[in-house]
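This report concerns only the one structure given below.
Index from 1, following the sequence. Atoms within each ligand, like the ligands themselves, are counted from 1 in listed order.
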Amino acid sequence: MDDVDFDELVSSLTPREENSALKSYQNTVSVSCPACGDPFDDLVVCKDNPTSLNLSRQLDLCVGVDDGRAVIFTHKPQ
Ligand SMILES: [Zn+2]
């Protein structure tokens with residue numbers, strides 16, 4: 001994600017929840033996923049290393065790294 005301005009991307013999103021392991025944001029304005037180009041649903045920043053994601057639904061995921069932290073873009077399966 002070298003050419004992605006992550007701070008700018010996050011500033012367009014709505015913060016949703018944060019705990020000691022991760023922080024999530026909702027994409028309410030249909031920002032395009034930097035990995036695949038489709039609008040993503042949520043962005044999850046992993047704060048712990050390693051960390052577990054307890055997904056309650058089946059999701060397609062795109063993954064990047066920002067400043068040493070894993071960043072996950074979730075997409076609902078079509
Ligand atoms: Zn994607």
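I72 contributes atom CD1, which lies 11.0 Å from atom OG of S24 (distance to the nearest 0.5 angstrom). Atom OG1 of T74 is separated from atom CG of L43 by 8.5 Å, given to the nearest 0.5 angstrom.
Listed by chain and number, C33 SG, C36 SG, C62 SG, H75 NE2 are the protein N/O/S atoms closer than 2.8 Å to the Zn ion (ligand 1), with waters left out.
Scored by the side-chain hydrogen bond (donor to acceptor under 3.5 Å, both in side chains) test, T51 finds no partners at all (sequence neighbours excluded).
Side-chain contact between F73 and V63 is absent, with no heavy-atom pair separated by less than 4.5 Å.
Put simply, the side chain of D66 never gets that close to the backbone of R69: no donor and acceptor are under 3.5 Å apart.
None of K76, H75, E17, R16 except one satisfies the side chain to side chain contact (heavy atoms under 4.5 Å, CB included) rule with D42; the exception is R16.
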